[in-house]
2 protein chains.
Amino acid sequence: MDASTRSSEKLRQAVDGFWETYPPLWRMIQAHIRLVAVEQFNITVEQFHILRHIRRGRDSVSALAEAKNISRPAISQSVDLLVTRGFIVRTVNPQDRRHVKLDLTADGNALMDAIFGDTRQWMMKTFSLLSADEIEALTCSMESLKKIL
Amino acid sequence: MDASTRSSEKLRQAVDGFWETYPPLWRMIQAHIRLVAVEQFNITVEQFHILRHIRRGRDSVSALAEAKNISRPAISQSVDLLVTRGFIVRTVNPQDRRHVKLDLTADGNALMDAIFGDTRQWMMKTFSLLSADEIEALTCSMESLKKIL
DNA sequence: GTAAAATAGTTTCAATTGTTAACCATTAAC
DNA sequence: GTTAATGGTTAACAATTGAAACTATTTTAC
């Protein structure tokens with residue numbers, strides 16, 4: 001077996017590992033978010049993710065559509081709902097009246113704090129089943145993964 | 001700073017790293033799947049994931065519903081569509097006639113080979129930007145992560 | 001300076017996906 | 001052998017999404 005075959009084998013291993021690890025983990029996280037979001041605040045997981053993106057600075061319909069890879073009309077409608085629910089406000093930019101800036105309201109921020117805080121706690125509890133070294137290694141590989149995205 | 005504070009700090013770091021790494025990566029993967037699935041086969045990403053689960057052995061409506069955390073009727077309907085499209089067959093288990101086993105047809109398997117092969121290639125290309133050590137570490141931490149799920 | 005093009009967002013409409021409730025068929029329990 | 005539990009589907013309805021067409025605003029080109 002030559003070096004390139006061997007390294008390609010390693011790559012394949014990493015890809016397979018990914019498929020066996022992340023989707024189930026992500027599903028568990030989503031399930032946890034759903035629990036808190038639906039039960040306590042009656043919003044969907046997708047709505048939570050929209051709020052999360054807004055909080056992280058994706059504060060326009062286009063930015064959200066790009067970030068979530070779905071159409072602008074779809075975002076526009078979801079935003080509509082969150083506005084009527086009082087979690088977001090739309091503000092037209094006076095410099096360029098085509099732009100509508102999205103911001104979380106106090107309610108929206110409180111909701112995010114609650115859900116995200118809860119989820120973070122759950123994730124920390126889950127990750128704490130790993131040894132200190134494993135956590136270190138995990139953080140490290142996520143760091144290197146982040147670099148190539 | 002005592003030991004428990006320090007380890008909790010590490011945990012927090014890991015969780016933050018997760019949120020900065022995984023959702024964007026997942027989004028890119030989904031986008032890639034969507035490209036191939038929609039363009040070449042005209043199925044949605046969600047339909048792809050159902051086929052993926054069936055291929056991995058989640059071969060009943062209940063198993064799929066549990067795996068994807070959605071209701072059985074929802075799965076039943078999606079399966080319906082994929083059956084009429086010729087990607088899945090339903091087979092009643094003669095031992096227990098309540099069970100309906102789901103299997104990919106030849107077409108379904110071909111579709112999966114195409115999409116998954118393509119996606120795998122893309123992922124390998126992406127991961128190959130990492131060093132051999134980083135890939136090793138990544139595989140390793142996914143392995144340890146998998147253990148605690 | 002105005003007509004044309006580009007940009008940001010919304011509305012409309014149809015398809016898909018999801019939920020709950022009610023249902024059928026089959027098997028297990030007693 | 002009736003009753004309960006299991007696996008799945010159907011029905012009715014709400015929510016999400018995308019494509020196409022639309023409005024409003026700004027930029028570009030001449």
Side-chain angles (χ1 to χ4, degrees), chain A residues 27 30-31 33-35 37-39 41-54 57-85 87-103, chain B residues 27 30-31 33-39 41-54 57-103:
Chain A
R27 189 169 57 76
Q30 301 268 106
I33 293 172
R34 181 175 302 121
L35 214 70
V38 171
E39 301 290 308
F41 298 97
N42 197 36
I43 66 165
T44 67
V45 178
E46 283 313 310
Q47 287 166 349
F48 163 78
H49 283 303
I50 286 182
L51 297 177
R52 183 169 70 82
H53 274 118
I54 292 175
R58 264 71 182 255
D59 57 359
S60 73
V61 169
S62 298
L64 285 171
E66 209 238 313
K68 293 181 89 313
N69 245 309
I70 57 181
S71 69
R72 272 180 305 209
I75 295 289
S76 186
Q77 288 164 131
S78 300
V79 165
D80 244 15
L81 205 104
L82 290 167
V83 167
T84 62
R85 297 273 241 105
F87 298 127
I88 301 180
V89 282
R90 290 194 241 234
T91 320
V92 174
N93 180 348
Q95 262 69 53
D96 184 339
R97 295 179 45 73
R98 288 171 305 183
H99 289 78
V100 176
K101 187 166 181 296
L102 305 174
D103 281 296
Chain B
R27 188 170 57 79
Q30 301 268 107
I33 292 171
R34 180 175 301 120
L35 213 69
V36 186
V38 172
E39 300 290 309
F41 297 96
N42 198 36
I43 66 164
T44 67
V45 178
E46 281 314 310
Q47 287 166 348
F48 163 78
H49 282 303
I50 287 182
L51 295 177
R52 183 170 71 82
H53 274 119
I54 291 175
R58 264 70 182 255
D59 57 359
S60 73
V61 168
S62 297
L64 286 170
E66 209 238 314
K68 294 178 90 320
N69 246 310
I70 57 182
S71 69
R72 273 178 304 207
I75 295 289
S76 187
Q77 287 166 139
S78 299
V79 165
D80 245 15
L81 206 101
L82 290 167
V83 167
T84 63
R85 296 275 239 106
F87 298 128
I88 301 181
V89 282
R90 290 194 240 233
T91 319
V92 174
N93 179 349
Q95 260 71 52
D96 185 339
R97 296 180 45 73
R98 287 171 306 183
H99 288 79
V100 176
K101 188 166 180 295
L102 304 174
D103 281 296

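Computed over heavy atoms, backbone and side chain alike; hydrogens, waters and symmetry mates excluded. In what follows, every chain begins at residue 1, and chains take the letters A, B, ... in the order their sequences are listed.
Heavy-atom minimum distance, A:Glu66 versus B:Arg27: O-NH1, 3.5 Å. When every heavy atom of A:Arg72 is checked against every heavy atom of A:Ser62, the shortest pair comes out as CD-OG, 3.5 Å. Listed here is the closest heavy atom pair of A:Ala31 and B:Asn69: CB-ND2, 3.7 Å. Annotation for A:Ser76 and A:Val61: closest pair N-CG1, 4.3 Å, computed over non-hydrogen atoms.
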Evaluate side-chain contact (heavy atoms from CB on, under 4.5 Å) for B:Ile54 paired with B:Asp103, printing each intermediate quantity in order.
-> CA-CA 7 Å; B:Ile54 291 175; B:Asp103 281 296; 5.6 Å; no
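Here D:dG7 presents its P atom at 19 Å from CG of B:Asp80, a figure rounded to the nearest Å. A:His99 places its NE2 atom 14 Å from the P atom of D:dT25, with the value rounded to the nearest Å. The distance from atom NZ of A:Lys101 to atom P of C:dG9 is 12 Å, rounded to the nearest whole Å.
Note that the two end axes of the helix from C:dG1-D:dC30 to C:dC30-D:dG1 enclose an angle of 20°, each drawn from 5 base pairs, rounded to 10 degrees.
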Could you write nucleotides 16-27 of chain C as a row of B, S and -, 5' to 3', where a protein heavy atom under 4.0 Å of any base atom gives B, of only sugar-phosphate atoms gives S, and otherwise -?
-> -SBBBB----BS
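Between B:Leu102 atom CG and B:Leu82 atom CG the span is 10.0 Å, to the nearest 0.5 Å. Atom CD1 in A:Ile70 sits 12.0 Å away from atom CD in B:Gln30 (nearest 0.5 Å).
Look at B:Arg90 and you'll find a side-chain N or O under 4.0 angstrom from OP1 or OP2 of D:dT9. Not one side-chain nitrogen or oxygen of A:Ser60 sits closer than 4.0 Å to the OP1 or OP2 atom of C:dA8.
Residue A:Lys68 is tested with A:His53, A:His49, A:Glu46 for a side chain to side chain donor-acceptor pair (under 3.5 Å); the sole match is A:Glu46.
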